[in-house]
Protein chains: 2
Amino acid sequence: MSEVDPVIHQPTRLRIMMLLSGVRSADFTFLAGALALTKGNLSSHMNQLEKVGYIEITKTFKGKMPNTSYAITAEGRRQLGAYWQAIDEIRRLTVSD
Amino acid sequence: MSEVDPVIHQPTRLRIMMLLSGVRSADFTFLAGALALTKGNLSSHMNQLEKVGYIEITKTFKGKMPNTSYAITAEGRRQLGAYWQAIDEIRRLTVSD
DNA sequence: TGCTATAGTTTGTGCTACAAACTATCTGAC
DNA sequence: GTCAGATAGTTTGTAGCACAAACTATAGCA
C-alpha cells in the first residue's frame with residue numbers, strides 16, 4: 001500500500017504540478033492568474049515544491065522588472081507519475097482485494 | 001473548476017470511504033486493522049465523516065461488548081462519485097485546455 | 001517628488017491529523 | 001471477590017500546514 005505523497009496531494013500543488021508538467025516553464029504571474037491564487041499562497045507552495053526538488057526556480061529580469069519562472073524537474077515528473085499510481089490504487093480499494 | 005471536497009480528499013478518509021463503498025457496513029475494529037490506524041485517529045475521522053452526513057454510525061452490543069459499526073450513506077456515495085470526477089478533472093489539467 | 005502599479009516574500013493565525021492519555025467494561029487467574 | 005490485563009472506544013494536547021494580510025522593493029508616470 002504505497003502512500004500518497006502529501007506534498008503533491010495538496011490540491012493547489014497538484015494543480016501546479018499538472019500545469020507545469022505540460023509546459024517548458026511558467027512564470028509567477030501566469031500561475032497566479034491561471035490558478036486564481038494569491039501571491040503569498042503561490043509563493044509558499046512554490047518554495048515547498050522547490051525544497052523537495054520537484055520544481056526548479058529561475059529568477060531573471062524582464063527588462064528591468066524581476067521575473068520568476070518555474071519548471072518541473074525530472075524528479076518532479078517521476079513523483080507526479082507515482083502519485084497518480086498511488087491514487088489509482090486507492091481508487092481500486094475494496095474489502096475484497 | 002469544481003473543487004475537491006477536503007473531507008474526502010484527506011487520504012485516510014478517502015480510503016475509509018472507498019472501503020465503506022464496497023460493503024454493507026464495517027465495524028471499528030475491522031477498519032482500524034484494515035487501514036492500520038490508531039483508534040484515536042480512526043475515531044475522529046469517523047466523527048468527521050458522520051458530521052457531514054457521509055456515513056452513518058450504529059452502536060450496538062455484541063454479547064456484552066460495545067460494537068460500533070459504520071455504513072456509507074447515499075449522500076456519501078454521491079459525494080465520493082463527485083470527488084473522483086473532480087480528481088479526473090485535475091488529472092486532465094494542462095495549459096492548453 | 002509624490003503616487004500608483006508590479007512582483008514578489010514574510011508573518012500571523014486558525015484549522016487539522018495524529019497519537020497519547022483517559023474512560024469504561026469485560027474476562028480470567030488466584 | 002478482587003486484581004491484572006484485554007477490549008472498545010473517546011477526549012485532549014500538539015506540531016505542522018494553508019492561507020491571506022502586511023510588508024519590501026523597484027518601476028513608471030504626472
Side-chain angles (χ1 to χ4, degrees), chain A residues 1 3-20 25-52 54-71 79 83 86-87 90, chain B residues 1 3-20 25-52 54-71 79 83 86-87 90:
Chain A
M1 184 153 76
E3 290 288 319
V4 300
D5 181 338
V7 175
I8 294 182
H9 192 57
Q10 201 287 326
T12 298
R13 283 191 299 265
L14 180 54
R15 289 183 212 272
I16 291 169
M17 291 295 287
M18 288 305 291
L19 274 189
L20 290 183
S25 75
D27 68 20
F28 187 88
T29 303
F30 171 78
L31 283 177
L35 298 173
L37 301 172
T38 59
K39 296 184 285 182
N41 194 11
L42 176 57
S43 177
S44 59
H45 280 310
M46 297 321 273
N47 284 334
Q48 284 183 72
L49 287 170
E50 187 198 30
K51 198 167 53 187
V52 295
Y54 296 175
I55 67 161
E56 216 179 18
I57 304 184
T58 310
K59 286 173 180 299
T60 60
F61 281 86
K62 254 207 167 78
K64 301 194 168 176
M65 295 298 277
N67 182 268
T68 305
S69 93
Y70 306 96
Q79 293 300 328
Y83 170 78
I87 287 295
I90 294 178
Chain B
M1 183 153 76
E3 289 287 320
V4 302
D5 181 338
V7 175
I8 294 183
H9 192 58
Q10 201 287 326
T12 297
R13 283 192 298 266
L14 181 54
R15 289 183 212 273
I16 291 168
M17 290 296 286
M18 289 307 289
L19 273 189
L20 289 183
S25 76
D27 68 21
F28 187 88
T29 304
F30 170 78
L31 284 177
L35 299 172
L37 301 172
T38 60
K39 294 183 284 182
N41 194 10
L42 176 57
S43 177
S44 58
H45 281 310
M46 296 322 273
N47 284 334
Q48 283 183 73
L49 288 171
E50 187 198 29
K51 197 166 55 188
V52 296
Y54 294 175
I55 66 160
E56 216 179 19
I57 304 185
T58 308
K59 285 172 180 300
T60 59
F61 281 86
K62 249 197 171 87
K64 299 194 172 179
M65 295 298 279
N67 181 268
T68 305
S69 94
Y70 306 95
Q79 294 300 327
Y83 171 77
I87 287 295
I90 294 178

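A, B, ... follow the sequence lines: proteins, then strands. Residue 1 opens every chain.
The shortest distance between side-chain heavy atoms of S69(B) and F30(B) does not fall below 4.5 Å.
Between H9(A) and H9(B), the two ring planes are parallel [angle under 30°; tilted spans 30° to 60°].
Atoms CD1 (I8(B)) and P (dA17(C)) sit 13 Å apart, rounded to a whole Å. Taking atom CD of E3(A) as the reference point, atom C1' of dC18(C) lies 13 Å away to the nearest angstrom. Distance CZ (R15(B)) to P (dC18(C)): 10 Å, rounded to an integer number of Å. Rounded to whole angstrom, the span from the CE atom of M65(A) across to the P atom of dT24(D) amounts to 18 Å. If you measure from atom NZ of K64(A) to atom C1' of dT6(C), you get 15 Å, rounded to the nearest angstrom.
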Given Y70(B) and L49(B), is the side-chain contact (heavy atoms from CB on, under 4.5 Å) satisfied, shown in steps?
CA-CA 10 Å; Y70(B) 306 95; L49(B) 288 171; over 6 Å; no

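More than 12 heavy atoms of other residues, nucleotides or ligands shown are found within 6.0 angstrom of CD on Q10(A). A 6.0 Å sphere centred on CD of Q48(A) holds more than 12 heavy atoms belonging to other residues, nucleotides or ligands.
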Under 4.0 Å protein heavy-atom contact, by nucleotide of nucleotides 9-21 of chain D - B base, S sugar-phosphate only:
BBB------SBBB

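For the residue pair A32(A) and L42(A), the shortest heavy atom distance occurs at N-CD2, 3.5 Å.
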